[in-house]
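Below is one structure, written out as structure tokens; comments come after it.
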There are 2 protein chains.
Amino acid sequence: MSRSHGRRLGRAGIRDVAAAAGVSITTVSDALNGKGRLPEATRRHVREVADRLGYRPSAAARTLRTGKSGLIGLTVTTYGEEPFTFTEFAYFAEMARAASSAALARGYALVILPGSTRQSPYDVWSNVALDGTVVIDPSDRDPVVTELVRQGVPVVSDGRPCGDLPVTAWVDNDHEAAVTGLLDHLAAAGARRIGLLTGTSTDTYTRLSTSAYLRWCERNGQPPVYEAYPAHDPCAGAVAADRLLARPDRPDAVYGLFDPNGTDLLAAARRYGLRVPDDLLLVCCSESAVYATTEPPVTTLSLKPGRIGTTVVQLLIDAIEGTGGGRPVQRIMPTDLIVRASSQRRRPQTTISAPRAPEQHS
Amino acid sequence: MSRSHGRRLGRAGIRDVAAAAGVSITTVSDALNGKGRLPEATRRHVREVADRLGYRPSAAARTLRTGKSGLIGLTVTTYGEEPFTFTEFAYFAEMARAASSAALARGYALVILPGSTRQSPYDVWSNVALDGTVVIDPSDRDPVVTELVRQGVPVVSDGRPCGDLPVTAWVDNDHEAAVTGLLDHLAAAGARRIGLLTGTSTDTYTRLSTSAYLRWCERNGQPPVYEAYPAHDPCAGAVAADRLLARPDRPDAVYGLFDPNGTDLLAAARRYGLRVPDDLLLVCCSESAVYATTEPPVTTLSLKPGRIGTTVVQLLIDAIEGTGGGRPVQRIMPTDLIVRASSQRRRPQTTISAPRAPEQHS
DNA sequence: CCAGCTTGCAGAATCGGTTCTTCACGCCCT
DNA sequence: AGGGCGTGAAGAACCGATTCTGCAAGCTGG
């Protein structure tokens with residue numbers, strides 16, 4: 001049974017299968033991969049023997065030979081010490097979930113990698129064979145991206161690349177349209193002075209959203225009222241929310257760019273005795289479901305991270321497999337304004353009904 | 001400059017470096033890996049040439065030769081169609097973040113893999129070379145785990161394995177102690193009849209928590225009051241919360257086993273005109289920061305997923321590298337009851353205070 | 001002066017598949 | 001009978017590193 005190969009404990013190689021089936025390794029490979037010219041009988045026989053031996057082809061050997069690993073990198077640009085500090089935790093989680101799902105559906109797996117790279121050629125990045133990489137919020141002249149592209153590895157980014165970063169493709173929301181639409185919505189609900197809670201960092205999301213706000217203010221003859229804070233600091237948000245509502249030119253509506261802004265603003269409003277939505281209209285950008293059940297429920301702008309994750313992966317795999325046509329692609333994805341009580345002057349429905357009325361004796 | 005190898009666009013191999021440096025490939029390998037007997041001058045020279053050529057060793061080749069890929073699988077048992085449907089979304093996200101971080105710190109990367117496997121030897125699982133795998137909530141006789149162990153791949157699980165699943169090691173919370181402590185806390189706050197919102201599924205978390213509740217009730221002479229619902233259905237939770245508060249033997253305190261239970265119960269309490277915490281004490285198990293800013297803030301039981309993720313990965317890498325002693329290991333991790341207003345009869349502090357106390361992270 | 005050790009490096013086997021090339025054989029057709 | 005063709009399968013190169021073995025030169029000590 002055992003060949004000269006001396007049977008490494010528990011693993012059968014292709015040579016073992018070949019020997020056991022009485023054929024050559026070429027035949028085994030062809031039979032299992034559906035290639036070559038083999039009668040169905042031989043294929044079946046080989047498959048049976050392989051099954052019996054519990055044969056698993058070596059991923060490393062296949063990758064070495066074919067140059068395809070079936071692995072896709074996923075990385076997010078980080079600001080602090082931690083490999084992953086997400087200001088948009090729910091966003092990232094959902095995006096990663098969808099991306100992973102889409103990749104799996106096409107036979108690829110996602111590898112989570114750090115945003116930075118050590119200079120040495122022996123960091124994690126070069127220790128894993130990647131067919132391509134997804135980069136979330138790439139920074140200007142990102143060294144990882146530059147290096148990957150130099151190596152000929154396709155890179156697709158979530159978020160427009162800053163500067164002249166040479167990504168293969170990118171996907172992003174239409175942030176300007178989203179902010180404009182949202183401000184129009186608030187204005188239609190009666191807002192006269194809309195404030196903004198924004199960030200101090202220079203990523204494209206913050207930049208585009210803020211400039212869209214400023215332009216909207218200009219077009220509508222409203223003086224901008226905003227507070228900026230370092231978005232990666234969880235405590236700073238609450239302070240900034242407080243500051244915004246403490247201003248002498250207190251806004252009568254606020255849009256918060258980041259996920260926790262909604263609860264922070266709600267808390268700040270309570271402290272100042274402001275009723276939402278009566279005294280203050282509220283919208284924030286969030287993927288979190290909790291805003292459906294806050295008191296009052298808060299209108300949110302969803303960036304649809306699931307759709308983004310799926311699209312990013314599709315584009316990347318298309319590029320990897322050469323299915324994508326070839327030229328660089330950019331795709332703009334729609335956002336979704338989920339209107340709830342916090343942004344409507346006149347509450348749609350004040351009587352509270354139970355999901356299943358407990359007593360229905362009328 | 002170019003050798004017989006015909007310079008594949010953009011990639012330099014070890015042979016190219018050897019040729020350019022005027023040494024053998026053995027010397028290049030040894031110099032770059034700090035092995036062999038080489039004078040520092042030669043090492044430096046080789047490193048410089050390698051840098052100049054932008055040499056990156058092939059991960060596939062190294063993996064094939066050494067048998068180590070530096071890759072760790074991460075998988076979660078799923079219940080529905082989706083590769084990832086998390087009832088405990090925040091839990092999983094934080095756990096994965098910490099696990100990824102810990103792995104990266106030790107030179108490994110995490111690969112996200114589906115919970116199931118297609119029968120064929122050609123699914124994603126066998127297409128990637130794994131040094132080990134982390135399994136979250138493995139089900140009874142999980143085929144993936146069984147197969148991996150058969151292949152000699154170390155497997156560490158988050159959550160006690162059901163049945164006689166042969167994992168290398170596992171990590172879990174002390175769910176019984178957590179529930180008992182939490183119920184004691186509620187009783188100390190004045191609760192006379194504590195209700196439970198639990199799940200219908202049979203995973204160990206649900207099982208252990210529920211049985212701890214039942215035993216506590218028995219010990220304390222309180223009749224159990226609970227409602228169970230399919231935890232993977234987001235809507236069912238709100239209905240179950242409502243049902244629990246609609247019962248004739250309405251509890252004066254409730255513990256919810258799942259993350260959304262807090263907001264659901266808060267909403268249900270509002271519908272029935274119950275004030276929290278005056279008429280109803282509330283605790284739920286959650287990793288979400290939103291409960292710090294709800295009205296009122298809700299006491300939560302944190303399972304400390306960050307710590308679990310870190311520990312799981314440490315144990316796994318120890319097993320991979322043989323550092324771990326060898327024998328199977330199980331580790332019980334503490335939980336953390338974050339006491340807020342919802343579980344204290346007498347509100348600790350009603351006056352308006354500074355924005356928000358920095359919440360303890362992980 | 002030479003055995004014996006150390007130092008510095010090269011050769012070649014090896015990991016386990018994929019795939020290109022070759023080849024034997026049987027059959028059909030002329 | 002023999003050339004051409006189609007079929008089934010084997011041989012061997014190859015992917016790009018790691019690593020074991022070997023060997024020449026230089027040095028030391030008896």
Separation of [X] atom [atom1] from [N] atom [atom2], in whole Å?
X	N	atom1	atom2	value
A/Arg43	D/dT7	CZ	P	13 Å
A/Leu64	C/dT14	CG	P	17 Å
B/Arg11	D/dG16	CZ	C1'	11 Å
A/Asn33	C/dG16	CG	P	17 Å
A/Lys35	C/dT21	NZ	P	15 Å

Listed by chain and number, what are the side chain to side chain contact (heavy atoms under 4.5 Å, CB included) partners of [X], not counting sequence neighbours?
X	value
A/Glu48	A/Arg44
B/Arg106	B/Tyr108, B/Gln314, B/Ile317, B/Asp318, B/Glu321
A/Ser69	A/Thr63, A/Leu71, A/Ala129, A/Asp131
B/Leu165	B/Pro138, B/Asp142, B/Val145, B/Thr146, B/Pro161, B/Val167

Handout entry: Nucleotide of D/dG16, C/dG16, D/dT18 approaching A/Arg15 most closely (side-chain heavy atoms)
Key =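 Nearest to the side-chain atoms of A/Arg15, counting from C-beta on, is C/dG16.
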Practice task
Check salt bridge (charged side-chain N to carboxylate O under 4.0 Å, His left out) between A/Arg307 and all other residues, then give those that pass, not counting sequence neighbours.
Solution key: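 Salt bridge (charged side-chain N to carboxylate O under 4.0 Å, His left out) list for A/Arg307, sorted by chain: empty.
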Practice task
Would you name the heavy atoms of A/Gly107 and B/Val124 that are closest together and state the gap between them?
Solution key: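 Closest approach of A/Gly107 to B/Val124, heavy atoms only: O-CG1, 4.3 Å.
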Exercise for the section: Using distance alone, with no hydrogens and no angle criterion, decide if A/Ser24 and A/Thr27 have a side-chain donor and acceptor under 3.5 Å apart. Expected result: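 A donor-acceptor contact under 3.5 Å links the two side chains.
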Problem - Terminal axis angle for the helix from C/dC1-D/dG30 to C/dT30-D/dA1, five pairs an end, nearest 10 degrees - result: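 That helix has its two terminal axes inclined by roughly 60°.
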Completion exercise
Scoring nucleotides 8-13 of chain D by protein non-hydrogen atoms under 4.0 Å (B base, S sugar-phosphate only, - none) yields BBBBBB
Practice task
Verify the contact: side-chain N or O of B/Tyr55 to OP1 or OP2 of D/dG16, cut-off strictly under 4.0 Å; return yes or no.
Solution key: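 Indeed not, no polar side-chain atom of B/Tyr55 lies that close.
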Practice task
Tell me whether the OP1 or OP2 atom of D/dT18 has a side-chain N or O from B/Ser29 closer than 4.0 Å.
Solution key: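 So the side chain of B/Ser29 is within the cut-off, an N or O lying under 4.0 Å from OP1 or OP2 of D/dT18.
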Practice task
Can you run down the salt bridge (charged side-chain N to carboxylate O under 4.0 Å, His left out) pairs that involve residues 19-41 of chain B, sequence neighbours left out, and say none if there aren't any?
Solution key: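 Passing the test, one end in residues 19-41 of chain B: B/Glu40-B/Arg47.
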Practice task
For A/Glu147, check side chain to side chain donor-acceptor pair (under 3.5 Å) against everything at least two apart and list the hits.
Solution key: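 Checked A/Glu147 against side chain to side chain donor-acceptor pair (under 3.5 Å); matches are A/Arg150, A/Gln151, B/Arg56.
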